[in-house]
Peer 1: 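Structure incoming, see below.
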2 protein chains.
Amino acid sequence: MDERQVITAFGSLAQETRLRVLRLLVQAGPEGMAAGAIAEEIGVSPSNISFHLSHLERAGLVEARREARSIIYSAGYSALRDLIRFLMEDCCAGDPRVVAPECCPPTIVCS
Amino acid sequence: MDERQVITAFGSLAQETRLRVLRLLVQAGPEGMAAGAIAEEIGVSPSNISFHLSHLERAGLVEARREARSIIYSAGYSALRDLIRFLMEDCCAGDPRVVAPECCPPTIVCS
DNA sequence: TCCATATTTCAATAATCCTTGAATTATTGA
DNA sequence: TCAATAATTCAAGGATTATTGAAATATGGA
């Protein structure tokens, strides 16, 4: 993941609708949700959700698959992982002497 | 950390100069760096680095302290932690049955 | 106090991004 | 094939944001 992709990804997350969509999909899990269901849940128009889902997809933060008439979106967990890695890379110059609890991102697990 | 703060924080990271500054400061560790040194390292004007450092500070992503004539900036590690937590909160609906490696952010430590 | 250093603030321009509704495409079932 | 559903694309607007250089503020040393 290069700098340009990371900037696009953070740009995606810096917007109310998209941030809500991504959290919704993170919570929904790998099964994902249809575009229409997302739009209804978030409370925006079809055209608007499409715009924001495209943005998130270009950033790699969500994945899309067709299922009958619907398009199902799910969170791009690996991109989220890469994003965090990019930010914290070589934290504290990798020097064990300055490693402190405040330097480290949390360990988060899904349960 | 509420939604508005999170959006401001991601907005901060969605810009080349600020992203580079934050990574530089994450790597520099808690000691931090003077504004002028950051500007020189990144290659931007004093006025420009000041604009971006203010943005990062408003977002809570960096902290500032005065030391003689310089103002020293350091990474706001706790805000970074909160950001990740906000994104991954209630991942996969907290259902252990759907927990999979792809749902979890990485465990990153500083060395 | 006076000067040099370090950084911030300000105003103006340029660029980017979000929203809206209408039109378009793709899929399914009658 | 025709109609209905699901989603995307397009163009125009209004709003937000980045960049620049000049002026202003704050600090430390002579």
Side-chain angles (χ1 to χ4, degrees), chain A residues 3-25 28 31-76, chain B residues 3-25 28 31-76:
Chain A
E3 190 186 60
R4 193 129 299 274
Q5 291 176 289
V6 170
I7 288 170
T8 304
F10 283 131
S12 266
L13 297 172
Q15 205 280 332
E16 194 176 329
T17 300
R18 289 193 296 259
L19 182 60
R20 288 180 183 169
V21 168
L22 189 64
R23 291 187 86 205
L24 186 63
L25 292 179
E31 280 177 36
M33 290 175 72
I38 297 170
E40 196 176 5
E41 176 72 32
I42 303 283
V44 300
S45 71
S47 129
N48 194 248
I49 206 68
S50 185
F51 171 79
H52 290 301
L53 284 170
S54 291
H55 204 293
L56 285 164
E57 193 183 11
R58 247 181 295 123
L61 292 170
V62 304
E63 286 156 19
R65 65 180 194 275
R66 181 175 278 277
E67 225 167 73
R69 267 183 283 207
S70 296
I71 293 181
I72 310 290
Y73 287 89
S74 53
Chain B
E3 190 186 60
R4 195 130 298 276
Q5 292 177 289
V6 170
I7 288 170
T8 305
F10 282 132
S12 266
L13 296 172
Q15 205 279 334
E16 194 177 329
T17 300
R18 288 193 298 259
L19 182 60
R20 287 179 183 171
V21 167
L22 189 63
R23 291 188 86 206
L24 186 63
L25 291 178
E31 280 177 34
M33 291 176 70
I38 298 169
E40 196 175 6
E41 177 71 32
I42 304 281
V44 300
S45 71
S47 131
N48 194 248
I49 204 70
S50 185
F51 171 79
H52 289 301
L53 284 169
S54 292
H55 204 293
L56 284 164
E57 193 183 11
R58 248 181 293 124
L61 291 171
V62 305
E63 286 155 19
R65 65 181 193 275
R66 182 174 277 280
E67 225 167 74
R69 267 182 283 203
S70 295
I71 294 182
I72 310 290
Y73 286 89
S74 53

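Letters go in sequence order (proteins before strands), and every chain restarts at 1.
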Peer 1: Can you check side chain to side chain contact (heavy atoms under 4.5 Å, CB included) on B/Glu41 and B/Arg20, steps first, answer last?
Peer 2: CA-CA 10 Å; B/Glu41 177 71 32; B/Arg20 287 179 183 171; over 6 Å; no
Peer 1: Can you check the B/Phe51 CZ to D/dA22 C1' distance for me, whole Å?
Peer 2: 17 Å
Peer 1: More 5' along DNA chain D: B/Asn48 or A/Ile49, using each one's nearest nucleotide?
Peer 2: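 The answer here is A/Ile49.
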Peer 1: Could you check whether B/Ser70 gets within reach of a base, just the sugar-phosphate, or nothing at all, counting any heavy atom under 4.0 Å?
Peer 2: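 Sugar-phosphate contact only.
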Peer 1: On a heavy-atom basis, which atom in A/Glu31 and which in A/Arg65 lie closest, and how many Å separate them?
Peer 2: O-NH2, 2.9 Å
Peer 1: Checking all strands, does A/Ala39 fall into the base, sugar-phosphate, or nothing category for heavy-atom contacts under 4.0 angstrom?
Peer 2: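 If one applies the 4.0 Å heavy-atom cut-off, A/Ala39 turns out to touch nothing in the nucleic acid.
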Peer 1: Just compare D/dA7, C/dT8, D/dG29 and give me whichever is closest to any side-chain atom of A/Ala35.
Peer 2: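 Closest nucleotide among those given: D/dA7.
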Peer 1: Of the candidate nucleotides D/dA26, C/dT28, C/dC18, which contains the atom at the shortest distance from the side chain of A/Arg69?
Peer 2: C/dT28
Peer 1: It should be established whether B/His52 places a side-chain nitrogen or oxygen under 4.0 Å from OP1 or OP2 of nucleotide D/dT19.
Peer 2: yes
Peer 1: Mind calculating the distance between CG (B/Leu53) and P (C/dA6) to the nearest angstrom?
Peer 2: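 Rounded to whole Å, this separation is 16 Å.
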Peer 1: Closer than 4.0 Å, any side-chain N/O of A/Gln15 to the OP1 or OP2 of C/dT19?
Peer 2: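 Looking at the OP1 and OP2 atoms of C/dT19, one of them is under 4.0 Å from a side-chain N or O of A/Gln15.
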Peer 1: Hey, mind stepping through B/Leu24 and B/Met33 against side chain to side chain contact (heavy atoms under 4.5 Å, CB included) and telling me if it holds?
Peer 2: CA-CA 9 Å; B/Leu24 186 63; B/Met33 291 176 70; 3.7 Å; yes
Peer 1: C/dT28, D/dG28, D/dT9: which one has an atom nearest the side-chain heavy atoms of A/Ser50?
Peer 2: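 When the side chain of A/Ser50 is considered, D/dT9 is the closest of C/dT28, D/dG28, D/dT9.
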Peer 1: Over how many whole Å does the gap from A/Leu13 atom CG to C/dC17 atom P extend?
Peer 2: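 My rounded result for the distance is 15 Å.
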Peer 1: Which heavy atom of A/Tyr73 sits nearest a heavy atom of A/Leu25, and at what distance?
Peer 2: O-CD2, 3.4 Å
Peer 1: Write down the distance between CD (B/Glu41) and P (C/dA6), rounded to a whole number of angstrom.
Peer 2: 17 Å
Peer 1: So, is A/Ser47 close to the D/dC10 phosphate, meaning a side-chain N or O under 4.0 Å from OP1 or OP2?
Peer 2: no
Peer 1: Are B/Arg18 and D/dA18 close enough that a side-chain N or O sits under 4.0 Å from OP1 or OP2?
Peer 2: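 Yes, within the criterion.
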Peer 1: Please report, rounded to the nearest Å, how far the P atom of D/dA15 is from the CD atom of A/Glu16.
Peer 2: 17 Å
Peer 1: Please state how far atom CD1 in B/Ile7 lies from atom P in D/dA15, giving the value in whole angstrom units.
Peer 2: 19 Å
Peer 1: How close or far is atom P of D/dG28 from atom CZ of B/Arg66, stated in whole angstroms?
Peer 2: 7 Å
Peer 1: Rounded off to whole Å, could you give me the CD-to-P distance for the B/Glu40 and C/dA6 pair?
Peer 2: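 Rounded to whole Å, this separation is 10 Å.
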Peer 1: Between C/dT5, D/dT8, C/dT8, spot the one nearest the side chain of B/Ile71, thanks.
Peer 2: C/dT8
Peer 1: With a 3.5 angstrom cut-off on both distances, give the Watson-Crick or G-U wobble partner of C/dC2, or none if there isn't one.
Peer 2: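 Its partner is D/dG29.
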Peer 1: Side-chain N or O of A/Tyr73 versus OP1/OP2 of D/dT8: is the shortest distance under 4.0 Å?
Peer 2: yes
Peer 1: Looking for any heavy atom pair under 4.0 Å, which part of the strands does A/Ala34 touch: base, sugar-phosphate only, or nothing?
Peer 2: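 Answer is sugar-phosphate: A/Ala34 comes under 4.0 Å of backbone atoms only.
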Peer 1: Of A/Glu67 and B/Glu57, whose nearest nucleotide on DNA chain C comes first from the 5' end?
Peer 2: B/Glu57
Peer 1: Which heavy atom of B/Ile7 sits nearest to which heavy atom of A/Ala14, and what is that distance?
Peer 2: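 Between these two residues, the closest heavy atoms are CG2-O, 3.5 Å.
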Peer 1: Looking at every non-hydrogen atom in both residues, tell me the closest pair between A/Thr17 and A/Ile42 and how far apart they are.
Peer 2: CG2-CG2, 4.2 Å
